[in-house]
Every structure is written in structure tokens, then in C-alpha cells.
Amino acid sequence: MKEKILTNRKHGMLVLLLTTLLYLAAVAGCIFGGMMVSDSGNPALLIVSIIWLCIGWIPYCGLKILKPQEALVLTLFGKYVGTLKGDGFYFVNPFCTSVNPAADTHLNQSGDVDNKAVKSAMSFAVSVGKTEMDQGGKRISLKIMTLNNNRQKINDCLGNPVEIGIAVMWRVVDTAKAVFHVDNYKEYLSLQCDTALRNIVRIYPYDVAPNVDTTGDGIADEGSLRGSSEVVAARIRDEIQSRVEEAGLEIIEARITYLAYAPEIAAVMLQRQQASAIVDARKMIVDGAVGMVEMALDRLNQNDVVELDEERKAAMVSNLLVVLCGNRDAQPVVNSGSLY
């Protein structure tokens with residue numbers, strides 16, 4: 001179904017003034033018509049005035065007020081007649097009804113809050129419950145919305161369970177598709193976000209792993225959820241967009257808001273990360289210590305400070321490495337006797 005924008009309908013103020021003036025004229029007609037009937041005059045004026053007082057409220061039902069970035073999808077006896085877009089005071093067919101199946105859907109996202117503002121209307125409009133204020137919840141917001149989807153537990157490509165949450169920025173671009181192509185476009189978006197997130201996350205490992213192809217080109221790469229968050233978010237965004245195109249929605253951006261190992265393996269993975277960090281630190285310490293020992297031996301040989309045989313050099317290297325690589329401060333031992 002193609003969206004049809006209704007234009008040249010901003011006659012709300014004119015219809016409001018005209019209908020109100022006719023109501024006042026009908027009240028005056030009842031007064032003067034009654035006087036004429038009492039004087040044995042023509043009752044036509046009284047009858048017309050009474051009829052207008054009974055049905056004159058109907059044009060008020062066609063008055064619609066829209067604020068910026070709002071839309072109203074209208075149907076007439078079940079048939080789609082068009083969409084009102086843009087701020088203004090509109091007048092449409094009084095028998096048109098607004099449609100928004102997601103009006104009462106409340107997700108964990110911006111804009112889904114209960115509007116408990118006090119609704120005011122004219123007394124004769126309130127009596128039939130068909131005023132513009134009563135249809136406020138049927139408006140469709142065209143603003144950029146943020147869907148903060150719940151955290152999900154998903155297995156990565158190595159089978160490790162991870163918890164991940166995303167925030168999706170989206171908006172409605174085709175009101176006809178959003179209303180008529182899916183049952184509830186908000187719930188539809190939330191479900192597609194969950195599905196797309198699952199499909200993308202299981203392609204990547206949590207951290208960089210060997211022999212893992214995340215791009216599908218048959219070549220191992222260094223892609224990971226933790227290290228390639230921008231790439232992962234872009235793929236999630238494209239995946240969601242391809243799924244909600246038929247619902248008239250545009251996905252502007254998707255961002256990873258939470259990423260961690262699942263609680264059942266978090267402690268083990270933390271120990272693994274700590275062990276890896278300790279190994280890397282030890283490697284750096286040993287590399288530095290070996291360099292310092294080499295420098296010390298070269299300086300001793302260059303300046304002819306002392307001559308050491310291979311056995312004493314080995315003992316010196318051993319002592320220096322123990323001092324430089326140890327976790328505790330070394331306790332010096334002073335040799336006051338002969339070197340040999």
C-alpha cells in the first residue's frame with residue numbers, strides 16, 4: 001500500500017468559526033421560532049434550528065490538530081483515504097477515523113509514556129466522545145525514537161555465552177506501511193532487533209581468536225565483538241533495516257550498549273584474561289632484563305673494569321636476572337673475600 005498525503009485540508013479554523021456561528025444562529029432561531037409559533041406563525045424556522053442543534057456537532061468531529069513531526073492515518077468505513085502530515089489545524093470528513101495499532105504499545109524506548117494531560121473540549125463535543133483530544137493517542141510520531149532493547153544471552157562463534165544489549169535509533173518514514181503492512185510496528189521492530197542481533201553476534205567471537213572468518217571471504221581475520229564494535233554495530237543496523245523495510249521504518253543507527261560474558265563463565269574468562277595479562281607482563285619484564293644484562297656485560301668489557309670467565313659471567317647473569325625479574329626486592333650479599 002502506498003502512502004497518500006492529504007494536502008489543502010488546513011481549513012480547521014474556518015470550519016470551527018462557521019460551525020460555531022451556525023450554532024449561535026440556531027439558538028437564536030429557536031428563540032424567535034418559538035415566539036412565531038406562539039403567535040400562530042410559521043414553525044419552519046423552529047424546526048430547522050432544532051435539527052441543526054441535534055446534528056450540528058458532527059463537523060466538530062472532523063477537526064484535527066497536529067503538532068510538528070506528527071502524522072494521522074485516516075480511514076473511511078475501513079478504506080484508507082490518506083495521511084495528514086505537518087503541523088496545523090485540519091478539517092477532514094467527520095466520519096473518518098484515525099488508525100494506529102501501536103498506540104497502546106509501551107516498549108523500553110523514548111516516546112512511550114502515558115499522556116495523562118487533562119483533556120478539554122466543548123461540552124457538546126464531549127457528549128459524543130469524538131473530539132480531537134480523544135484521538136490524541138492515535139497520532140503517529142515521526143520523530144527519531146530510541147529503542148533500548150533488553151539484554152540477550154547469545155552464544156558467539158566459539159560457543160561462549162555472552163550478554164549483549166543494543167540501542168536502535170529509528171523513525172517512521174511511511175505511515176501507510178507502518179499501519180497496514182504489519183500488525184504492530186513497534187513490536188515488529190523489537191522482534192526484528194532481537195533476531196538480527198542473534199544472527200550477527202554468532203558470527204563473531206567475543207575476543208580475537210585464531211582461524212575465525214567473520215567477513216565470509218574464507219580468510220581468517222581479527223574481527224571480534226569487543227574489538228570491532230563499530231563494524232558489528234553497522235552490520236546489525238543493516239540487518240535490521242533489511243527486515244523492517246516492509247514496515248515503513250528507517251533504522252538510523254544501532255549501537256552496542258552492553259557487552260559481557262554470561263555470569264556462568266565470567267569468572268573463568270576473567271582468570272583467563274588475568275593469566276594472559278600476567279604472561280604478557282612477564283614477557284616484557286624478561287625482555288627488558290635480558291637487555292639490561294647484555295648492556296652491563298658490554299660496558300664491563302669495554303671499560304676493562306673486571307675480567308670474568310664464562311662461569312662467572314653465567315653466575316652474574318643468573319644473579320642479575322633474579323634481581324630484575326623477581327617480585328620482591330633483592331637482599332644484597334657483600335663478598336669481602338677473594339673473587340675466586
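Counting from 1, the numbers follow the sequence of the chain as shown. What you see below is based on every heavy atom in this structure, not just the backbone, and it leaves out hydrogens, waters and symmetry mates.
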*Asks:* Should side-chain heavy atoms under 4.5 Å link Ile, Leu, Val, Met, Phe, Trp and Tyr, which residues sit in the same cluster as Leu158?
*Replies:* Val212

*Asks:* Do the charged groups of Glu239 and Arg243 touch, with an N to O distance under 4.0 Å?
*Replies:* yes

*Asks:* Do the side chains of Leu259 and Tyr206 get nearer than 4.5 Å, heavy atoms only?
*Replies:*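 Yes. Closest side-chain heavy atoms under 4.5 Å.
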
*Asks:* Between Leu63 and Phe89, is there a side-chain heavy-atom distance shorter than 4.5 Å?
*Replies:*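 The answer is yes; the side chains approach within 4.5 Å.
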
*Asks:* Tell me, do Tyr204 and Val231 make a side-chain contact under 4.5 Å, heavy atoms counted?
*Replies:* yes

*Asks:* Can you give me the closest heavy-atom contact between Ser98 and Lys138, atom names plus distance?
*Replies:* OG-CB, 3.1 Å

*Asks:* Under the side-chain hydrogen bond (donor to acceptor under 3.5 Å, both in side chains) definition, can you give me all pairs with a residue in residues 4-16, not counting sequence neighbours?
*Replies:*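 The answer is none; no pair qualifies.
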
*Asks:* For a quick test of reading the model, state the closest non-hydrogen atom pair linking Pro161 to Lys153 and the distance between them.
*Replies:*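 Heavy atoms only, the tightest pair is CB-CG, 4.3 Å.
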
*Asks:* Does a sphere of radius 6.0 Å around CD in Glu222 hold more than 12 heavy atoms from other residues, nucleotides or ligands, not counting ones at 6.0 Å or beyond?
*Replies:* no

*Asks:* Step by step, work out the side chain to side chain contact (heavy atoms under 4.5 Å, CB included) result for Ile154 and Leu197.
*Replies:* CA-CA 9 Å; Ile154 307 172; Leu197 182 63; 4.0 Å; yes

*Asks:* Measuring from atom CG of Asp194 to atom CG of Asn199, what distance do you get when rounded to the nearest 0.5 angstrom?
*Replies:*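 Answer for the CG-CG pair, Asp194 versus Asn199, is 11.0 Å.
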
*Asks:* So do Asn93 and Val81 actually touch side chain to side chain, heavy atoms under 4.5 Å?
*Replies:*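 They are not in contact (no side-chain heavy atoms under 4.5 Å apart), so the answer is no.
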
*Asks:* Using 30° and 60° as the class limits, which term best fits the ring planes of Tyr60 and Tyr23: parallel, tilted or perpendicular?
*Replies:* tilted

*Asks:* Find out whether Arg171 and Lys143 are in side-chain contact, i.e. whether some heavy atom of one side chain is under 4.5 Å from a heavy atom of the other.
*Replies:*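 In short, these two side chains do not touch, never coming nearer than 4.5 Å.
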
*Asks:* Asp287 vs Lys283, test: side chain to side chain contact (heavy atoms under 4.5 Å, CB included). Steps then yes/no.
*Replies:* CA-CA 6 Å; Asp287 290 341; Lys283 181 180 179 181; 3.8 Å; yes

*Asks:* Applying the salt bridge (charged side-chain N to carboxylate O under 4.0 Å, His left out) criterion to Glu70, which one of Arg139, Lys64, Lys85 satisfies it?
*Replies:* Arg139

*Asks:* For atom CZ of Phe95, is the number of surrounding heavy atoms from other residues, nucleotides or ligands below 6.0 Å larger than 12?
*Replies:* no

*Asks:* We want to know whether Tyr185 and Thr175 form a side-chain donor-acceptor pair, criterion being a heavy-atom distance below 3.5 angstrom.
*Replies:*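 Tyr185 vs Thr175: no donor-acceptor pair found between side chains.
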
*Asks:* Look up atom CG in Leu76 and atom OG1 in Thr97, then write down how far apart they are to the nearest 0.5 Å.
*Replies:*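 These two atoms lie 8.0 Å from each other.
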
*Asks:* How close do Thr83 and Ala71 get, counting heavy atoms only, and between which atoms?
*Replies:* CG2-CB, 4.1 Å

*Asks:* Evaluate the side-chain proximity of Ile236 to Cys193: yes if any heavy-atom separation is below 4.5 Å, no if none is.
*Replies:* no

*Asks:* Tell me whether Glu230 is salt-bridged to Arg235, with the criterion being a basic N under 4.0 Å from an acidic carboxylate O.
*Replies:*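 Looking at Arg235 together with Glu230, the answer is no, because their closest N to O distance does not fall below 4.0 Å.
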
*Asks:* Would you check, one step at a time, whether the test side chain to side chain contact (heavy atoms under 4.5 Å, CB included) holds for Val172 with Leu249?
*Replies:* CA-CA 5 Å; Val172 178; Leu249 306 180; 3.7 Å; yes

*Asks:* Measuring from Leu74:CG to Leu84:CG, what's the distance to the nearest 0.5 Å?
*Replies:*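 Those atoms lie 4.5 Å apart.
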
*Asks:* Can you find a heavy atom in the side chain of Val179 that is under 4.5 Å from one in the side chain of Pro101?
*Replies:* yes

*Asks:* Is Val168 close to Thr146 at the side-chain level, that is, under 4.5 Å between some pair of heavy atoms?
*Replies:*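 Side chain of Thr146 against side chain of Val168, heavy atoms only: no contact under 4.5 Å found.
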
